[in-house]
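A quick write-up on the structure given underneath.
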Amino acid sequence: MLVTVKGGVATQLRGDPEHPFTRGFLCAKVSRYLDRTYHPERLKTPLLRDGPKGSGKFKPIEWDEAIARVAAAINAARHGTEGPQSILPYSYAGTMGKLQGSSLDRRLFHAIGASLLDRTICATAGAAGCGITLGTRAVVDTEAVGGNRLFINWGSNTAVTNSHLWVRMVEARRRGARIITIDPFESRTAERSDQWLAIRPATDAALAMSIAHVLLRDNLVDHDYLAAHASGLREFSARALADYAPRTVAAVCGLDEAVIEELARLYGTTRPSLIRLNYGLQRHGGGGMAVRVITCLPALTGDWRHPGSGALLSTSQSYPTRSDSEFQRMDLIPPGTRTINMTRLAEALEGREPGPPVKVLVVYNANPAAVCPDQGRVTAGLRRDDLFTVVLEHFLTDTARHADIVLPATTQLEHWDIHTSYGHLHVQVNEPAIPPLGQSLPNTEIFRRLGRALGLPPELFSASDEELIDEVLSESTRGTPFPPPGALKGISRDLLVAKGAIRLNLPSPYAPFSHGGFGTPDGKCNLWGNPGQQPRHVPPHEDPRERPDLASRYPLQLLSPPEPSFLNSSFANIPSLKANAGEPRLLIHPDDASPRGVVSGSMVRVFNGRGAFQARAEVAAKSRVGVVVAPGIWWAADTADGANANSTTSTELTDFGAGATFFDNLVQVEPLSETAGAP
Ligand SMILES: Nc1nc2c(c(=O)[nH]1)N[C@H]1C(S)=C(S)[C@@H](COP(=O)(O)OP(=O)(O)OC[C@H]3O[C@@H](n4cnc5c(=O)[nH]c(N)nc54)[C@H](O)[C@@H]3O)O[C@H]1N2
Ligand SMILES: Nc1nc2c(c(=O)[nH]1)N[C@H]1C(S)=C(S)[C@@H](COP(=O)(O)OP(=O)(O)OC[C@H]3O[C@@H](n4cnc5c(=O)[nH]c(N)nc54)[C@H](O)[C@@H]3O)O[C@H]1N2
Ligand SMILES: [Mo]
């Protein structure tokens with residue numbers, strides 16, 4: 001981003017036209033970043049709770065007092081009967097910068113022996129699934145995708161969530177490429193694709209195995225690539241051929257046999273091609289396996305030979321930056337320290353996880369009261385009188401409203417940071433453009449002050465933010481072919497400041513697995529593996545077919561993907577973006593709406609055994625029958641009844657990676673008028 005500053009005030013913000021991947025395009029949300037930084041409700045002083053938890057009543061206090069109070073609460077927990085593991089840090093994707101996201105905070109919590117947090121809410125199912133097949137994430141050079149003749153968006157709303165890649169897909173289409181989208185919902189990506197395949201949710205592994213069946217049956221595979229760079233082909237083939245014929249799989253996936261045959265033949269005969277698989281299909285009980293199976297396909301076709309082809313999940317593992325264990329000082333973690341899964345915050349706050357109860361919760365870069373599953377229980381936990389909650393924030397979010405102390409944090413315009421990417425292969429520095437607003441401070445500085453107040457070893461916190469950037473850039477030796485060693489050589493802070501964004505030292509174009517070199521122990525694409533990892537279809541926890549008991553009460557599968565104008569719950573308080581989004585909506589198919597007496601424009605109640613929320617019905621054939629869609633993530637405080645879609649989502653985990661299962665969620669829908677006044 002390029003920011004124009006006049007008299008210390010940022011007056012204009014635009015994308016950097018020189019950035020080789022973004023080419024100056026900012027998405028609808030980030031282009032409003034000035035509205036975020038200068039929002040009238042931006043937090044500008046530390047706050048102390050001055051009313052019941054959740055009431056949103058606070059009074060301003062001085063920084064010294066705020067830090068002293070937080071340090072006192074941490075020390076009481078640390079040295080009290082419950083011990084340091086009763087302290088839980090909670091952070092995720094508010095900023096993904098290496099400094100403001102995961103640096104001095106980690107050092108501090110490691111040094112005091114706080115509980116560890118397993119950051120599972122987004123990407124671990126796919127990371128684990130991909131890890132089994134490839135030994136790393138599925139990586140391609142996204143600047144080199146223009147040569148593909150086929151793109152498959154698989155559980156990926158690319159036009160919305162990855163707009164820079166989408167633009168390149170559309171450019172390739174002008175040269176004759178075809179775009180297919182596999183999604184139970186007609187997302188903006190599905191609308192704009194050449195073909196939309198409305199798969200039954202959570203059956204993607206079955207479809208992938210059926211594609212493999214056709215490739216193997218019809219001899220559409222790259223024998224040379226497989227022989228040199230894959231293991232387990234014999235067993236994989238036997239299973240795909242025996243159990244996953246399109247005729248069998250058609251019923252599982254809710255797709256016509258002919259459609260599956262056609263898709264598989266097209267994929268088998270169109271080189272090069274790219275599968276963009278993303279997070280939608282991971283958020284189900286079998287989500288890890290779905291990714292594990294889909295990422296087997298490009299080895300069958302040999303697509304990995306070509307730059308920009310194969311499968312793309314995330315480029316994040318391509319950066320050989322200083323390892324977390326060194327940078328975050330993981331050596332300080334006391335042996336035996338417990339780990340709490342962030343997806344199960346409800347259970348942690350209820351004291352249902354092994355180990356001491358959580359007594360101090362420190363939240364930063366996250367808004368769990370809005371984004372975590374089973375919202376009712378998370379909120380009840382946050383209201384506990386014996387819990388001391390600290391929230392570092394820009395705004396009084398649903399979570400911050402439940403804090404004892406709120407600490408005002410700087411935005412990206414006001415602090416230093418360094419960014420890797422999960423969509424391209426460049427490194428970027430984030431220089432402050434303006435001084436911090438009000439009394440806000442960077443997360444790093446807040447943890448520096450807290451570290452000092454806790455009397456922790458000063459050397460942990462002595463580096464300035466600029467020096468921390470230098471540390472991140474000093475490569476760690478990993479001894480693996482991937483990430484590519486030496487890729488950061490010569491990339492320094494000064495050079496980044498001068499140039500803006502710098503591509504890793506990699507061949508251009510770059511095809512990481514053109515000659516094998518996967519991250520697996522034998523360097524091969526693992527098509528089979530040990531019994532728990534062998535490709536198969538794993539049904540979701542709440543499959544209406546496998547759980548007729550549950551489906552008789554809650555027959556509809558609810559997907560709650562992000563509203564295009566929001567970034568999870570961020571930007572959901574920016575007036576122009578909120579106006580774009582309108583109000584909480586529920587998209588429902590006419591065949592599901594009419595038997596329920598639901599009409600477009602009426603309010604409905606969406607509910608299951610976990611909770612309920614209200615939304616405005618939009619009756620349209622935008623999803624398959626039996627699937628309803630509630631775009632989010634609205635601030636609960638902005639909804640009619642103080643609850644968003646996460647009041648219905650569950651804390652059950654995925655098969656691999658212990659990830660969240662937001663879209664594995666059976667609900668019922670009823671018109672609101674009939675229940676008005678009901679308890
Ligand atoms: N505008 C915008 N962009 C974003 C974000 C945002 O909030 N707003 N969030 C960012 C973040 S943190 C992430 S993780 C990514 C997420 O990026 P994506 O994964 O692309 O986004 P989602 O909308 O969560 O899921 C994609 C699609 O998967 C579909 N889906 C759900 N279940 C299934 C299934 O079982 N099978 C298949 N095939 N499809 C299924 C959904 O209907 C949805 O349309 O986007 C990033 N970009
Ligand atoms: N139902 C449902 N739930 C979901 C999802 C879904 O698709 N459906 N998506 C899931 C996904 S993919 C993800 S990644 C998670 C995201 O969950 P979170 O990581 O909690 O993301 P956000 O909701 O964007 O909240 C981030 C908060 O960090 C704050 N923040 C931003 N920058 C800074 C900073 O520099 N310092 C500090 N202190 N604070 C900062 C922002 O103001 C914002 O309130 O949500 C998950 N929840
Ligand atoms: Mo995410």
Side-chain angles (χ1 to χ4, degrees), residues 27-29 36 43 90-97 99-101 119 121-123 126 153-163 181-190 197-204 207 276-284 286-287 290 294 314 342-343 363-373 375 391-395 397-400 407-412 414-415 417 422-423 440-443 446 540 557-573 623 627 629-633 635 644-646 648-649 660 662-665:
C27 69
K29 312 168 300 299
R36 189 176 162 79
L43 298 173
Y90 198 95
S91 73
Y92 200 63
T95 172
M96 304 185 78
L99 266 52
Q100 308 310 334
R119 292 176 169 80
I121 204 151
C122 175
N153 294 294
W154 203 326
S156 178
N157 191 2
T158 314
V160 166
T161 61
N162 194 181
S163 35
T181 294
I182 304 173
D183 194 317
F185 163 52
E186 192 179 14
S187 65
R188 286 195 189 167
T189 306
L197 297 182
I199 192 172
R200 207 165 71 83
T203 61
D204 302 278
L207 180 61
R276 172 40 162 165
L277 74 156
N278 221 353
Y279 297 94
L281 57 88
Q282 299 180 23
R283 313 213 182 290
H284 298 276
I294 294 168
S314 163
M342 73 185 305
T343 301
V363 181
Y364 52 103
N365 302 337
N367 186 10
V371 308
C372 242
Q375 184 165 56
V391 178
L392 286 63
E393 252 301 348
H394 299 155
F395 297 106
T397 59
D398 292 331
T399 309
L407 303 175
T410 46
T411 70
Q412 285 192 232
E414 301 148 75
H415 56 226
D417 216 326
Y422 58 82
S440 65
L441 291 175
N443 291 346
I446 297 175
Q557 291 178 285
L558 173 68
L559 308 178
S560 50
E563 178 68 58
S565 294
F566 300 162
L567 178 63
N568 298 310
S569 76
S570 296
F571 297 94
N573 65 332
S623 59
V627 174
V629 182
I633 300 174
W635 285 20
N644 68 22
N646 277 326
T648 60
T649 54
F662 291 110
F663 302 163
D664 189 339
N665 182 18

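Just so it is clear, the values below take in all heavy atoms, side chains as well, and ignore hydrogens, waters and symmetry mates. Order of appearance sets the numbers: ligands from 1, and atoms from 1 within every ligand.
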Side-chain donor or acceptor of [X] paired with backbone N/O of [Y] under 3.5 Å:
X	Y	answer
H394	T410	yes
D183	F185	yes
W635	D398	no
T189	A159	yes
E393	A400	no
R283	C122	yes

Any idea which atoms of ligand 2 are less than 4.0 Å away from a heavy-atom of [X]?
X	value
I633	3 (N), 4 (C), 5 (C), 47 (N)
N367	20 (O), 25 (O)
A409	36 (N), 37 (C), 38 (N)
A366	20 (O), 26 (C), 27 (C), 28 (O)
P562	7 (O)
C122	12 (S), 14 (S)
S569	22 (P), 23 (O), 24 (O), 25 (O)
T95	32 (N), 34 (C), 35 (O)

request  = Check each heavy atom of Y279 against ligand 1 and say whether those closer than 4.0 Å belong to the side chain, the backbone, both or neither.
outcome  =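 Both the backbone and the side chain of Y279 come within reach of ligand 1.
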I'd like to know whether ligand 1 has [X] as a neighbour, heavy-atom separation below 4.0 Å.
X	answer
R283	yes
K29	yes
A202	yes

Looking only at protein heavy atoms, which one is nearest to [atom], and how far off is it?
atom	answer
atom 7 (O) of ligand 2	S560 O, 3.4 Å
atom 31 (C) of ligand 1	F663 CD1, 3.3 Å
atom 12 (S) of ligand 1	N568 ND2, 3.3 Å
atom 40 (C) of ligand 1	P184 CD, 3.4 Å
atom 28 (O) of ligand 1	G280 CA, 3.2 Å
atom 11 (C) of ligand 1	Y422 OH, 3.9 Å
atom 14 (S) of ligand 2	Y92 CE2, 3.4 Å

Below 3.5 Å, N or O to N or O, backbone or side chain included: is there any such pair between [X] and ligand 1?
X	value
T203	no
L559	no
N278	yes
F566	yes
D204	yes

ask   = Does R119 count as lying over the ring of Y92, i.e. NZ or CZ under 6.0 Å from the six-ring centre, within 45 degrees of the axis?
value = no
Would you say [X] and ligand 2 have an N/O pair spaced under 3.5 Å apart?
X	value
E393	yes
S570	yes
T397	no
P561	no
N443	yes

With a 4.0 Å cut-off on heavy atoms, is [X] in contact with ligand 2?
X	answer
A645	no
E563	no
T410	yes
Q412	no
F662	yes

Under 4.0 Å, heavy-atom basis, I'd like to know which part of [X] is in contact with ligand 2: side chain, backbone, both or neither.
X	result
L567	backbone
R119	neither
N646	side chain
V371	both

Just jot down the ligand 1 atoms closer than 4.0 angstrom to any heavy atom of [X], in number order.
X	result
F185	42 (O), 44 (O)
W154	38 (N)
P201	35 (O)

Quick one: closest heavy-atom pair of [X] and [Y], and the distance?
X	Y	result
P368	Y90	CB-CE2, 3.6 Å
E414	S440	OE1-OG, 3.5 Å
C372	N646	O-CB, 3.3 Å
T649	P373	OG1-CA, 3.2 Å
P540	D664	CB-OD2, 3.3 Å

Counting heavy atoms only, name the option from [options] that's nearest to [atom].
atom	options	value
atom 44 (O) of ligand 1	N153, N157, D183	D183
atom 32 (N) of ligand 2	H394, M342, Q375	H394
atom 20 (O) of ligand 1	V160, V627, I121, T161	T161

Please check if any side-chain donor atom of [X] sits under 3.5 Å from a side-chain acceptor atom of [Y], or the reverse.
X	Y	answer
N365	N443	yes
Q412	D417	no
W154	D204	yes
N367	T399	yes
N153	T158	yes

query = Less than 4.5 Å apart, any side-chain heavy atom of N162 and any of S156?
reply =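 No, every pair of side-chain atoms sits at 4.5 Å or beyond.
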request  = For the pair L281 and I182, evaluate side chain to side chain contact (heavy atoms under 4.5 Å, CB included) and give the outcome as yes or no after the intermediate values.
outcome  = CA-CA 10 Å; L281 57 88; I182 304 173; over 6 Å; no
